[in-house]
K.L.:
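Dropping the structure in here first, questions after.
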Number of protein chains: 2
Amino acid sequence: MAAEITLPPSPHLTARIPAGGKPGIALFAGCPDLIGTPFAYAREEEIYGEGEEAESVYKIVSGAVRTHKVLNDGRRQITGFHLPGDLFGLEQGEMHRHTAEALSGTQVLIFRRRVIERAATHSAEVACHLWAMAASGLRYAQDHMLLLGRRSAVERVATFLMAVDERLGSTGTFALPMTRRDIADHLGLTIETVSRTFSQLEEDGALLRTGGRQVSLRRARLRRVVED
Amino acid sequence: MAAEITLPPSPHLTARIPAGGKPGIALFAGCPDLIGTPFAYAREEEIYGEGEEAESVYKIVSGAVRTHKVLNDGRRQITGFHLPGDLFGLEQGEMHRHTAEALSGTQVLIFRRRVIERAATHSAEVACHLWAMAASGLRYAQDHMLLLGRRSAVERVATFLMAVDERLGSTGTFALPMTRRDIADHLGLTIETVSRTFSQLEEDGALLRTGGRQVSLRRARLRRVVED
DNA sequence: CGGTGATTTGAATACGTTCAAAACTCGTGG
DNA sequence: CCACGAGTTTTGAACGTATTCAAATCACCG
């Protein structure tokens with residue numbers, strides 16, 4: 001399934017690339033020696049699976065990726081969505097602790113984990129970068145724990161929409177890069193509840209749906225829903 | 001409230017200290033230059049608050065600590081419990097992103113964050129330690145996301161009991177160091193649901209309660225409840 | 001334009017919550 | 001040593017939010 005051909009980049013996300021300057025092929029801004037190999041995955045293609053040996057680390061050039069964990073009966077928790085510029089698959093340990101799949105056609109740069117790890121043992125700068133990455137993931141995960149443990153369905157969906165808007169450039173109008181199922185599995189809800197909540201938010205004038213995944217947010221109203 | 005006197009260490013937790021050898025006063029095993037100052041907190045005392053400047057990092061010598069986040073209406077999510085040998089309060093950034101409080105009388109070693117951060121920029125070893133800490137926190141948080149987003153009340157409580165047992169030495173019999181409210185706020189439940197779930201697990205023969213917080217686990221049965 | 005998968009909507013159900021009160025623990029003082 | 005009292009935990013009953021099961025509608029790709 002993996003294709004080395006260049007896939008057409010997903011239209012709603014590529015706009016972000018220039019925001020951080022050209023992504024280049026280096027892992028970190030100041031580390032020209034950590035070079036990645038370009039690669040591409042098709043929509044819904046698995047990039048790596050939970051339990052596999054963590055050989056590679058990925059940086060998104062275009063497209064979008066989800067990472068998740070599953071229980072043996074199929075219940076799934078999406079631990080994160082990753083957009084252009086984001087790194088994923090960076091584990092500290094030999095194994096991947098979740099599965100990664102492309103949401104849409106996705107171009108990445110692939111780095112060898114061993115090389116990065118070795119660089120970290122020699123360079124405090126690289127190691128600090130790795131620390132920063134892990135710390136930022138930790139902040140996100142802890143915020144999400146609060147959302148999953150203590151927020152209602154409307155609050156979860158409203159929070160999610162505002163977060164996606166911000167990561168997509170804060171235009172207030174965008175196409176969601178993921179399905180209702182993905183949203184549900186990220187927010188700890190069912191697709192039906194997510195759908196009903198979208199409808200409710202639309203009735204309340206907190207958003208507008210114009211066909212499919214396209215949404216326009218009324219940010220002030222959404223903020224009032226979350227209210228913290 | 002903060003006291004420099006030596007408090008009697010909490011009896012159910014101190015047994016763990018020898019497991020990792022004497023904790024000493026250094027932050028990491030191989031870094032004798034990062035020295036901590038002993039300090040003690042009383043039961044229920046706040047160690048630091050969300051939003052405060054993160055001046056210090058703490059390593060527990062005896063006792064136990066919880067860290068949490070709150071919404072403005074009081075809903076609380078406990079992001080972690082910390083036992084002897086554990087580090088907490090290590091942020092990457094100027095601010096604490098949660099509140100830390102002592103569960104019982106707790107002795108800690110205090111380190112200056114600035115010193116650690118500066119050491120990290122010079123020493124790849126220190127920086128790698130910090131990465132390892134953050135990565136281990138991230139693994140825990142992501143596992144907990146799955147629990148909060150996708151597991152039932154019984155599964156959450158059973159998972160929690162097994163995890164506490166393991167951290168307390170895998171004896172199968174111990175006193176829970178935290179209240180029902182703390183457990184509830186960690187598992188995204190109410191105290192009533194936690195209590196009812198304990199009762200149900202006892203009926204099912206998965207555990208035995210002998211007064212207050214003392215429990216004896218039937219691990220095989222608990223494992224069957226979680227079943228993954 | 002047809003078909004397939006995604007999304008929305010509806011009705012019934014279930015799980016966990018809320019509100020209320022009883023029972024139990026444990027520290028304190030008589 | 002026992003009794004008291006405050007806080008914690010347990011139990012009960014009614015309720016509500018999100019889930020489940022089912023079906024209709026919509027969007028998009030060929």
Side-chain angles (χ1 to χ4, degrees), chain A residues 7-8 10-12 42-44 66 71 73-77 103-105 147-158 160-161 175-203 207-215 225, chain B residues 8 10-12 42-44 71 73-77 103-105 147-158 160-161 175-203 207-215 225:
Chain A
L7 295 175
S10 111
H12 35 296
R43 191 164 165 284
E44 291 295 298
R66 64 172 176 251
L71 299 177
D73 63 0
R75 283 175 290 176
R76 183 178 74 148
Q77 177 66 41
L103 285 179
S104 51
L147 178 139
L148 291 172
R150 289 301 180 214
R151 304 207 88 129
S152 69
V154 227
E155 291 173 331
R156 293 183 202 194
V157 172
F160 177 73
L161 286 171
L176 289 159
M178 66 291 284
T179 66
R180 294 289 185 269
R181 168 144 300 287
D182 288 336
I183 297 173
D185 285 349
H186 188 49
L187 301 181
L189 301 169
T190 60
I191 44 175
E192 294 95 331
T193 299
V194 171
S195 180
R196 273 186 254 275
T197 305
F198 269 77
S199 301
Q200 188 200 319
L201 286 171
E202 191 163 34
E203 271 179 34
L207 63 84
L208 226 87
R209 278 179 297 181
T210 58
R213 301 185 186 167
Q214 197 74 27
V215 290
V225 171
Chain B
S10 115
H12 35 294
R43 189 165 167 285
E44 292 295 295
L71 299 177
D73 64 0
R75 284 175 290 176
R76 184 178 71 148
Q77 176 66 41
L103 285 179
S104 52
L147 179 140
L148 292 172
R150 288 303 180 214
R151 305 206 87 128
S152 68
V154 228
E155 291 174 330
R156 293 184 201 193
V157 172
F160 177 74
L161 286 171
L176 289 159
M178 67 291 283
T179 66
R180 295 288 184 269
R181 167 144 302 287
D182 289 335
I183 298 174
D185 285 349
H186 188 48
L187 301 181
L189 302 169
T190 60
I191 44 176
E192 293 94 333
T193 298
V194 171
S195 180
R196 272 185 256 273
T197 305
F198 269 78
S199 301
Q200 188 201 319
L201 286 171
E202 191 162 35
E203 272 180 33
L207 63 84
L208 227 86
R209 278 179 295 180
T210 58
R213 301 184 187 169
Q214 196 75 27
V215 290
V225 171

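Numbered from 1 within each chain, the chains take letters A, B, ... in sequence-line order.
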K.L.:
Closer to the 5' end of DNA chain C via nearest nucleotide, is it B:R151 or A:R213?
P.N.:
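Comparing both residues, the 5'-ward one is A:R213.
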K.L.:
Do side-chain atoms of B:E202 reach the backbone of B:R209 as a donor and acceptor pair under 3.5 angstrom?
P.N.:
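Checked: pair present.
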K.L.:
Does any N or O donor sit under 3.5 Å from an N or O acceptor when you compare the side chain of B:R196 with the base of D:dG12?
P.N.:
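Side chain to base: pair found, below 3.5 Å.
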K.L.:
Using a strict 4.0 Å threshold on nitrogen-to-oxygen distance, state whether A:R180 and A:D185 make a salt bridge.
P.N.:
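Salt bridge absent between A:R180 and A:D185.
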K.L.:
Please report the interatomic distance CG(A:L147) to CG(B:L148), rounded to the nearest 0.5 Å.
P.N.:
10.0 Å
K.L.:
Check for a donor-acceptor pair, side chain of A:R156 on one end and backbone N or O of A:R151 on the other, with a separation under 3.5 Å.
P.N.:
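Yes; judged by distance alone, with no hydrogens or angles, the pair exists.
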K.L.:
Taking only the side-chain heavy atoms of A:L189 (C-beta and beyond), determine which of D:dT9, C:dT17, D:dT19 contains the nearest atom.
P.N.:
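Nearest to the side chain of A:L189 among the choices is D:dT19.
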K.L.:
Between D:dC21, D:dT11, D:dA18, which nucleotide gets closest to the side-chain atoms of A:T193?
P.N.:
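Closest nucleotide to the A:T193 side chain: D:dA18.
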K.L.:
Taking the side chain of B:S152 as heavy atoms from C-beta outward, which of C:dG16, D:dT20, C:dT7 is closest to it?
P.N.:
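Looking only at heavy atoms from C-beta outward on B:S152, the closest nucleotide is C:dG16.
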K.L.:
If you look at every strand shown and take non-hydrogen atoms under 4.0 Å, does B:R156 touch a base, only sugar-phosphate, or nothing?
P.N.:
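No contact.
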K.L.:
Side chain of A:E192 only, please: which of C:dT18, D:dT10, C:dG10 is the nearest?
P.N.:
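So the side chain of A:E192 is nearest to C:dG10.
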K.L.:
Please classify the nucleic acid contact of A:S195 as base, sugar-phosphate, or nothing, using heavy-atom distances under 4.0 Å.
P.N.:
base
K.L.:
More 5' along DNA chain D: B:S199 or A:V154, using each one's nearest nucleotide?
P.N.:
B:S199
